[in-house]
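Remember, predicted model here, so these are calculated numbers, not experimental data. As the structure lists them, so they are numbered: ligands from 1, and atoms in each ligand from 1.
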Amino acid sequence: MTELNLQYPIFGPQIQCPHCRQLIDAITLTDCYLCPRHGAFEAEPETETLIHLQSGRRWRLWDGKWYRQHTHPDGIRFEIHEALDRLYTEGYRATKVIIARRYYDLISSYLEKSGGWGTDQETKLYKLYGLPVEFSDKFSDDPAWEVINFVLEKEKGTPPRYPYFRLFE
Ligand SMILES: [Zn+2]
């Protein structure tokens with residue numbers, strides 16, 4: 001690392017604001033970035049996490065993209081709901097949600113449990129918005145799952161007979 005790099009926080013001289021995606025500058029010789037609209041973000045080198053000082057929201061970076069690190073079940077449920085919404089407008093429908101294993105303790109008690117019987121794979125019984133939920137155990141070798149939150153498995157959708165909101169009742 002050159003001396004020049006040492007002047008900047010771990011994510012470099014500029015990052016995209018996780019809220020508005022605008023490029024924002026690091027404040028030299030601090031661990032902070034400043035967005036004119038959203039205020040200060042602090043980089044935490046030990047955990048490679050970006051923290052919004054005002055709200056305490058946390059993000060980690062994977063493949064050039066910020067992933068919010070949720071601390072409340074509603075946060076991740078809302079993010080999944082938004083992703084389902086986008087998928088639907090793109091003409092797909094989701095067939096399964098795979099959620100990062102690190103959220104198991106946070107979210108498992110908030111998921112619907114379908115009354116499966118005689119199975120020893122407990123994770124197969126969980127549902128969210130009517131979709132089967134799995135946790136990311138089968139990807140345990142993949143470091144992406146330390147950062148990303150979930151993946152939706154999808155198929156080409158058929159036009160729904162109901163207004164969209166009924167899909168998620
Ligand atoms: Zn911003």
For this session: Sort by chain and number the protein N/O/S atoms found under 2.8 Å from the Zn ion (ligand 1).
Result: C17 SG, C20 SG, C35 SG, H38 ND1
For this session: Specify whether F11 and W66 have parallel, tilted or perpendicular ring planes, treating 30° as the upper limit for parallel and 60° as the lower limit for perpendicular.
Result: perpendicular
Just list the side-chain donor-acceptor pairs under 3.5 Å for residues 16-28, sequence neighbours left out, or say none.
from : atom 1 : to  : atom 2 : distance (Å)
Q16  : NE2    : R21 : O      : 3.3
D25  : OD1    : Q14 : NE2    : 3.0

Exercise. In terms of the angle between their ring planes, are Y104 and Y126 parallel, tilted or perpendicular, with boundaries placed at 30° and 60°?
Worked result: perpendicular
Exercise. Are the charged groups of E79 and R68 less than 4.0 angstrom apart, N to O?
Worked result: no
For this session: Check whether any side-chain heavy atom of E44 sits under 4.5 Å from a side-chain heavy atom of D31, and report yes or no.
Result: no
Exercise. Would you say the side chains of Q69 and R102 form a donor-acceptor pair under 3.5 Å?
Worked result: yes
